[in-house]
Number of protein chains: 2
Amino acid sequence: MPSQCKSKIDKNKYVECDDCAMNSICQPIATAQQSINLSDSYLHKRISAKKNKVLFQQSTPLTDIYAVSSGIFKLCQQTDNDEENIIGLRFPGELIGEDALYLKFYNYTAIAVGDSSVCKISVEQMTSCGKVVPEIQQNLIYLLSRQTYIRQRNFQAYIGKKSADSLLAAFLLNIIERNANYTGSDNCIELALIRNDVANFLGLRRETLSRVFSKFQKDQLIQVEGKRIQLLEQKKLIKLADF
Amino acid sequence: MPSQCKSKIDKNKYVECDDCAMNSICQPIATAQQSINLSDSYLHKRISAKKNKVLFQQSTPLTDIYAVSSGIFKLCQQTDNDEENIIGLRFPGELIGEDALYLKFYNYTAIAVGDSSVCKISVEQMTSCGKVVPEIQQNLIYLLSRQTYIRQRNFQAYIGKKSADSLLAAFLLNIIERNANYTGSDNCIELALIRNDVANFLGLRRETLSRVFSKFQKDQLIQVEGKRIQLLEQKKLIKLADF
DNA sequence: GTTAAAACTTGATCCATATCAAATTTAAAC
DNA sequence: GTTTAAATTTGATATGGATCAAGTTTTAAC
């Protein structure tokens, strides 16, 4: 039996630090000498970001990496044909910009979908700290290896999928899984994204996406009420998604 | 004018250590005390892997991470419907299995496409070394951040693309870029993969892929001779790929 | 080299998604 | 609250890729 789905997520709710990917590099560290509180040096917590706020622009030099604290961010790239492609989404507890650690430049633009908030770490200052506190290095390794795994899993979810049904099924399962800790539900989500953005991300037209949503509802696979989407038949969706 | 393309790549050619993603964690490290040669402790160089050799099976515990030294490996997953999905390819200089550092389990099966070779690092032994030689940690951070970037870039290349034309264009540009250092060519590749595997990876049927290959040749975008593929109109392909 | 199997290509038809068009619902601005 | 714009849905038609079928080429086995 599916777990109860809260009718509305508290807009002011931040992700728990324990559920945040940045946790390993933002918590106080107990060393032989003392417990260092890093929040004073390189960490800024829960900075508010209004709807459509641009965290950083594609091609600008890396200065900070972020973790989503509340809300959703979309990662966009301009194509040669001057269209905007959404190439990723980030939910509470997830990192933004950490893939620029290697390149030193951001390679997409990050935009707040609705009113949101982020925690922010200065890369320069963290690197300085890392030279004197080895634990920071170890924690960064953990963070990056976890991130590598997540990226791979995300890639697998979409590569080789073409049918609109399997794409939407994969998308819904993916975002609900990624938000389960934050929302407290493993079958339901309040998705602030408009359909147009979802279609853009999946490479479908909005009309097609709308039709698949309608079909899934008719077939009793999902239930939609405004922004709220609930999965009714998780197993059938997994089969559809070809996981 | 496109650079000359060698008619055949030397089958016995290994990737240069300087061009290998594993480089940062496999080279001798100069410490205050001494230069440590890690090849004695956790590194096995250039192990031969015959065609169809399985490096590791999906769901088995992580023991080693690999770098391709020569040849190509395909990463496969079994779906619920018992089909084999190719969810990734690895070329010389690229890592395999490093995304399991977080999960501790491999989440795909790695198979040699043709006769190949790999360098292999024991995770357990490397971790032990890392505790006494801090430089190893720093190098591992570099490696993982680079890998995170590569994954993101790879993801971007395919997400949101549906047309067979754009998928193949993106694929060709992607693999030629990834192999440029190894092959010495930025517009040409000898692809050991059979078309069936390419189609599987891209989520197309082999007939469709064949037709797109034919069309690209007719339109003078590429030139194909057996396994050898040369890009003639890189700019048009970039436009097609919607990069 | 000969034979058999595997890989690749091409054609015809069918179906899923894109496209074009218009109506309806929802959200934002005033 | 009213007005306006944005988002979403639904219908009709066109198109691109899947599917089925058969032939050709390439590769592997002997």
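Chain naming here is simple, since letters A, B, ... match the order of the sequence lines and numbering starts at 1 in each.
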Is it true that the side chains of Y108(A) and D99(A) contain a donor and an acceptor less than 3.5 Å apart?
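The criterion, which ignores hydrogens and geometry beyond distance, is satisfied for D99(A) and Y108(A).
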
So, S185(A) versus N187(A): side-chain donor-acceptor pair below 3.5 Å or not?
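Per modelled atom types, S185(A) and N187(A) side chains form a pair under 3.5 Å.
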
Under 3.5 Å, which N/O atoms of the protein pair with N/O atoms of nucleotides 7-16 of chain C?
residue : atom : partner : partner atom : Å
dC8(C)  : OP1  : R195(B) : N            : 3.4
dC8(C)  : OP2  : R195(B) : N            : 2.8
dT9(C)  : OP2  : S210(B) : OG           : 3.0
dT9(C)  : O5'  : S210(B) : OG           : 3.3
dT10(C) : OP2  : S214(B) : OG           : 2.8
dG11(C) : N7   : R211(B) : NH1          : 2.9
dG11(C) : O6   : R211(B) : NH2          : 3.1
dA12(C) : N6   : R211(B) : NH2          : 3.3

What integer distance in Å separates [X]:[atom1] from [N]:[atom2]?
| X | N | atom1 | atom2 | value |
| --- | --- | --- | --- | --- |
| E225(B) | dT25(D) | CD | P | 17 Å |
| D165(A) | dT17(C) | CG | P | 6 Å |
| L191(A) | dT8(D) | CG | P | 10 Å |

Whether K236(A) and D219(A) form a salt bridge (side-chain N of Lys/Arg under 4.0 Å from carboxylate O of Asp/Glu) is what I want to check.
no

Does a salt bridge link E177(B) with R153(B), judged by any charged N lying under 4.0 Å from a carboxylate O?
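Result for this pair is yes, salt bridge flagged.
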
Reported CD1-to-CG distance for the pair I159(A) and N154(A), which is rounded to 0.5 angstrom:
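I159(A) atom CD1 to N154(A) atom CG measures 12.0 Å (nearest 0.5 Å).
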
I want to confirm an ordering. Mapping V212(A) and G226(A) to their closest nucleotides on DNA chain C, which one lands closer to the 5' end?
V212(A)

Relative to each other, are the rings of F201(A) and F155(B) parallel, tilted or perpendicular (30° and 60° limits)?
tilted

What's K51(A) touching, base or sugar-phosphate or nothing? Going by heavy atoms closer than 4.0 Å.
sugar-phosphate

